[in-house]
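Structure first, then comments.
The residues of the chain are indexed from 1 along the displayed sequence. In this text, all values refer to a predicted model and were calculated from it rather than measured experimentally.
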Amino acid sequence: MSILDKQLRRIVWRDHARTLEATLQERSLPSDRVRQLGRWFTMRGEHPNAVQFGMLLLGMAGTDHDSEILKTLGTFWEFSAEACEALLRSQADPYRALFELAQQAEGWARVDAVRRLEGASDPEIRDWLIRESCTGDVLDSYFALTAAKVGDLADVLSRESLDEVTLDGAGRLLEALTDVDGPGPALGAYDDAVRALTGYLRHATTRGITLRQLWSLLSINRFLNDPYASEKCREDQEWRHVRHQFTKLVGDPASRKVVLSGLTDEEPTTLRLAAWAARLMNIPVRPALLRRVESQPHDSTIWFLLIDGCPSQEISAVVEAAERLLPLQGLWTGPTTELGLGTEYEVDGILDIIVSRLDDHPGHGWRLIETALNNRTSRNRRMALRALKGWPTEFLPPTARQILFAAAAREPVPELRSEIEKEAGRL
């Protein structure tokens with residue numbers, strides 16, 4: 001075992017896995033011994049290659065009794081692809097095992113499990129793919145097409161009535177299929193796309209649009225009107241008709257009313273969703289957000305919505321609120337080599353969100369920039385420097401050069417110290 005373990009440590013696993021498997025299969029080894037060895041490496045392997053070797057062996061000779069081992073390893077993204085392949089090849093009901101893994105996995109591990117459910121026919125799995133597979137994670141779009149096809153999204157949305165959970169799940173799935181910021185919108189590759197869109201539109205409007213459903217509608221509409229998203233949207237008559245329906249709906253006064261109501265809601269999640277929707281609908285949102293941040297000054301999402309893309313005519317109010325509400329004295333800690341990761345850096349992170357966008361607003365937020373320049377996180381000091389580089393010299397205070405040289409003298413990160421000195425020399 002020790003000799004084999006040492007050899008496994010020396011290879012790049014995915015460059016040699018297929019060759020290793022083919023060699024093992026040529027030898028017609030006894031399956032019970034292969035399985036025994038596979039279990040030993042998956043449970044006792046001390047190197048990732050050893051664990052992956054064990055999963056390869058279980059894929060060749062494993063049984064249903066190995067399901068729990070593989071599902072446990074499959075929740076870790078480092079092993080998820082190999083674990084999923086082993087489940088597919090070794091289990092009497094591989095789709096059930098993959099389904100159980102998908103329900104507990106997160107991130108890339110979830111993606112690996114759901115993408116391998118293609119071919120599943122179990123009604124429970126198909127129902128889950130529509131209702132619960134998409135959680136709003138940015139990675140949903142990597143498996144959305146599989147979920148739509150296996151779950152028969154268009155057929156579900158053609159039903160006479162749907163419960164709220166199914167409708168919201170279908171909406172999240174359509175969002176993932178139309179994510180123009182993801183790996184590439186997949187809706188154009190779904191043959192029943194027009195029927196699915198028409199069905200979702202019918203259900204959403206019949207019962208009165210909720211804010212959650214409006215967000216889905218806005219995301220879909222963004223895709224339908226994106227010039228690079230889908231050629232079908234521009235050339236096919238059915239697609240053009242659907243696009244017209246969606247554009248008309250999201251521009252309706254009733255939709256605007258849903259967003260305005262959400263902006264006054266006391267529930268933080270509702271406010272955030274309404275704010276994101278307002279941005280897509282060009283509804284002024286900063287007055288409501290400025291009122292909310294007074295009572296929730298440590299909510300980073302509100303600060304992001306306030307500062308990101310803020311027009312020049314509104315930046316003064318945002319900066320004034322930040323200088324008044326954030327504990328600037330407590331953030332003026334002096335420099336360390338810390339990057340600023342973890343919950344203890346929550347307020348430092350808010351300063352980062354604001355200062356990292358001040359390069360677009362010369363003359364606004366000098367106190368925030370100077371605080372960031374003296375903050376404990378190297379990220380904040382970098383953002384302060386970036387903001388200063390974006391400001392013409394006439395917007396800087398007379399003491400800026402002296403302040404930068406002093407900051408450079410204290411800076412513990414050599415590369416950042418050099419950059420600060422260089423900027424001070426430019427002034």
Compare all side-chain heavy atoms of [X] with those of [Y] and state whether any distance is below 4.5 angstrom.
| X | Y | result |
| --- | --- | --- |
| E238 | V242 | no |
| L214 | M281 | yes |
| V138 | D181 | no |
| D265 | L271 | no |
| P94 | L87 | no |
| L339 | R379 | no |
| T377 | N380 | yes |
| S378 | T337 | no |

Salt-bridge contact [X]-[Y] (side-chain N to carboxylate O under 4.0 Å):
| X | Y | result |
| --- | --- | --- |
| E175 | R212 | yes |
| R279 | D308 | yes |
| R172 | D140 | no |

Would the distance check show the side chain of [X] and the main-chain N or O of [Y] forming a donor-acceptor pair, the cut-off being under 3.5 Å?
| X | Y | answer |
| --- | --- | --- |
| T264 | S261 | yes |
| T210 | Q213 | yes |
| E338 | G340 | no |
| Y142 | R115 | no |
| T247 | H244 | no |
| R426 | K422 | no |
| W303 | P297 | yes |
| E423 | L385 | no |
| S356 | I353 | yes |

Residue pairs fulfilling side chain to side chain donor-acceptor pair (under 3.5 Å) with at least one residue in residues 196-207, sequence neighbours excluded: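 Checked against side chain to side chain donor-acceptor pair (under 3.5 Å) - neighbours excluded - the pairs reaching residues 196-207 are E164-R207.
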Residue pairs passing the side chain to side chain donor-acceptor pair (under 3.5 Å) test where at least one lies in residues 98-111, sequence neighbours excluded: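 Checked against side chain to side chain donor-acceptor pair (under 3.5 Å) - neighbours excluded - the pairs reaching residues 98-111 are K71-E100.
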Counterpart residues, side-chain hydrogen bond (donor to acceptor under 3.5 Å, both in side chains), relative to [X] (two or more places apart):
| X | value |
| --- | --- |
| T166 | R131, D163 |
| R367 | none |
| D348 | N375, R376 |
| E411 | R381 |

Those residues that, when tested against F99, pass ring-ring contact (aromatic ring centres under 6.0 Å, His included) (two or more places apart):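 Result, ring-ring contact (aromatic ring centres under 6.0 Å, His included) vs F99: W128.
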For F304, ring-ring contact (aromatic ring centres under 6.0 Å, His included) partners two or more places apart: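 With neighbours one apart ignored, the set is W276.
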By salt bridge (Lys or Arg N to Asp or Glu O under 4.0 Å), which residues pair with [X], not counting sequence neighbours?
| X | result |
| --- | --- |
| R116 | E85, D112 |
| R410 | none |
| E323 | none |
| E320 | R324 |

With a sphere of 6.0 Å drawn around [atom1] of [X], does it hold more than 12 non-hydrogen atoms of other residues, nucleotides or ligands?
| X | atom1 | result |
| --- | --- | --- |
| K389 | NZ | yes |
| Q313 | CD | yes |
| F405 | CZ | yes |
| H241 | NE2 | no |

T333-N374 side chain donor-acceptor pair, cut-off 3.5 Å: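 There is no such pair (donor and acceptor under 3.5 Å, judged by atom type) between the side chains of T333 and N374.
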Donor on one side chain, acceptor on other, D252 and S255, under 3.5 Å: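 There is no such pair (donor and acceptor under 3.5 Å, judged by atom type) between the side chains of D252 and S255.
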Rounded to the nearest 0.5 Å, how far does [atom2] of [Y] lie from [atom1] of [X]?
| X | Y | atom1 | atom2 | answer |
| --- | --- | --- | --- | --- |
| T371 | Q329 | OG1 | CD | 10.0 Å |
| Q296 | E266 | CD | CD | 8.0 Å |
| L289 | L306 | CG | CG | 4.5 Å |
| N221 | S216 | CG | OG | 12.5 Å |
| L217 | L201 | CG | CG | 6.5 Å |

Parallel, tilted or perpendicular, as decided by the 30° and 60° cut-offs, for the rings of W366 and W391: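 The arrangement is tilted - the two ring planes meet at 30° to 60°.
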Nearest atoms (heavy-atom pairs only) where A384 meets L373: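 That closest heavy-atom pairing would be CB-N, 3.7 Å.
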